[in-house]
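Below, all heavy atoms of this structure are taken into account, side chains as well, without hydrogens, waters or symmetry copies.
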Amino acid sequence: MEILLGKRRKLGKKIGDVTVGEEYSKTMSIEDKDILLYLGLTNDANPLYIQHDYASQTPYKRPLVPSVMLYGMVSSLVSSHLPGPGSHITEQVLQYPTPLHHYSEVTLTIKVLEVNNAQHHISLSVNGMNEAGEEVITGTVQVTPAYEPESMTARSLENFY
């Protein structure tokens, strides 16, 4: 996880800078520490997510990565890369066709499907594949890109340029 506190960074793309077909992909590995951080933050005690002995007795055979954690990784791509800082997801329609297990590698891709200047939102497709090439997340998200600030000298934006 990349910590951005105290570092100078740019606001993400404004609505006029986003183009249909633009995409961003990132490959990540899911480790126990990541899942433990998620479970600790959410107070989620589902044994299917952390207890190997329980999961081994289910059809999944191994602990699963929580679906909402996978969605959180998608949200991070939107907030960090496309369209980037200052953006906000307003709607998501997602499916999780194949469970993702601990220690898996996942490649997430988001792609611009539509730019709606009048309503100040973009539509992104979401696709995630595990290392075996199986789809683990698919769907769409609606996003409002960063708004142009009235003043770049505002104290609230001191970490942005």
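In this structure, the separation between OG1 on Thr90 and CD1 on Ile122 is 10.0 Å, given to the nearest 0.5 Å. Of the inter-residue distances, the one linking Met69 atom CE with Asp44 atom CG reads 11.5 Å to the nearest 0.5 angstrom. Between the NE2 atom of His81 and the CD atom of Glu23 there is a distance of 14.0 Å, given to the nearest 0.5 Å. Separating the CE atom in Met28 from the OG atom in Ser104 is a distance of 12.5 Å, to the nearest 0.5 Å.
The side-chain hydrogen bond (donor to acceptor under 3.5 Å, both in side chains) contacts involving residues 49-78 comprise Arg62-His101, Tyr71-Gln92, where partners must be two or more places apart or lie in separate chains. Applying the ring-ring contact (aromatic ring centres under 6.0 Å, His included) definition to pairs two or more places apart or across chains, those involving residues 116-149 are His120-Tyr147.
Tracing side-chain contacts under 4.5 Å through hydrophobic residues (I, L, V, M, F, W, Y), one reaches Ile30 starting from Leu70; they form part of the same cluster. When hydrophobic clusters are built by joining Ile, Leu, Val, Met, Phe, Trp and Tyr residues whose side-chain heavy atoms come closer than 4.5 Å, directly or via intermediates, Tyr24 is grouped together with Val126. Note on Met129: it does not cluster hydrophobically with Leu94, by side-chain heavy-atom contacts below 4.5 Å among ILVMFWY residues. By the rule that hydrophobic residues join a cluster once side-chain heavy atoms approach within less than 4.5 Å of another member, Leu113 and Leu108 end up as members of separate clusters. Placement of Val74 and Val68 within a single hydrophobic cluster is found when ILVMFWY residues are connected by side-chain heavy-atom separations under 4.5 Å, directly or transitively.
Here the side chains of Ile15 and Pro145 are in contact, with some heavy-atom distance below 4.5 Å. Residues Met73 and Val106 form a side-chain contact, since some pair of their non-hydrogen atoms from C-beta on lies under 4.5 Å apart.
In plain terms, the two heavy atoms of Leu124 and Leu82 that are nearest each other are CD1-O, 3.7 Å. Minimum interatomic distance between Pro99 and Leu64 (heavy atoms only, all atoms of both residues): CB-CD2, 3.5 Å. Nearest heavy atom pair, residue Asn130 against residue Thr98, reads ND2-CG2, 4.4 Å. Here the closest non-hydrogen pair linking Ala146 and Gly12 is CB-O, 4.0 Å. Across all non-hydrogen atoms, the minimal contact from Ser87 to Ser79 is OG-CA, 3.9 Å. Pairing each heavy atom of Val115 with each of Val18, the nearest pair is CG2-O, 3.6 Å.
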Q) side chain to side chain contact (heavy atoms under 4.5 Å, CB included) between Ile50 and His102: does it pass, once the steps are laid out? A) CA-CA 9 Å; Ile50 197 63; His102 288 212; 4.1 Å; yes
Q: Walk me through it: do Val143 and His88 pass the test side chain to side chain contact (heavy atoms under 4.5 Å, CB included)?
A: CA-CA 5 Å; Val143 178; His88 174 62; 5.9 Å; no
**Q.** Residues Ile110, Val78; criterion side chain to side chain contact (heavy atoms under 4.5 Å, CB included); working and verdict
**A.** CA-CA 8 Å; Ile110 52 177; Val78 170; 4.1 Å; yes
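Panel note: side chain Glu105, backbone Glu131; no donor-acceptor pair is recorded below 3.5 Å. Thr42 places a side-chain N or O within 3.5 Å of a backbone atom of Tyr38 that can act as its donor or acceptor partner.
A donor atom on one side chain and an acceptor atom on the other are found under 3.5 Å apart for Asn127 and Glu135. Counted by atom type alone, Gln95 and Thr138 present zero donor-acceptor pairs between their side chains at under 3.5 Å.
In this structure, Lys111 places its NZ atom where only 12 or fewer heavy-atom neighbours from other residues, nucleotides or ligands lie under 6.0 Å away.
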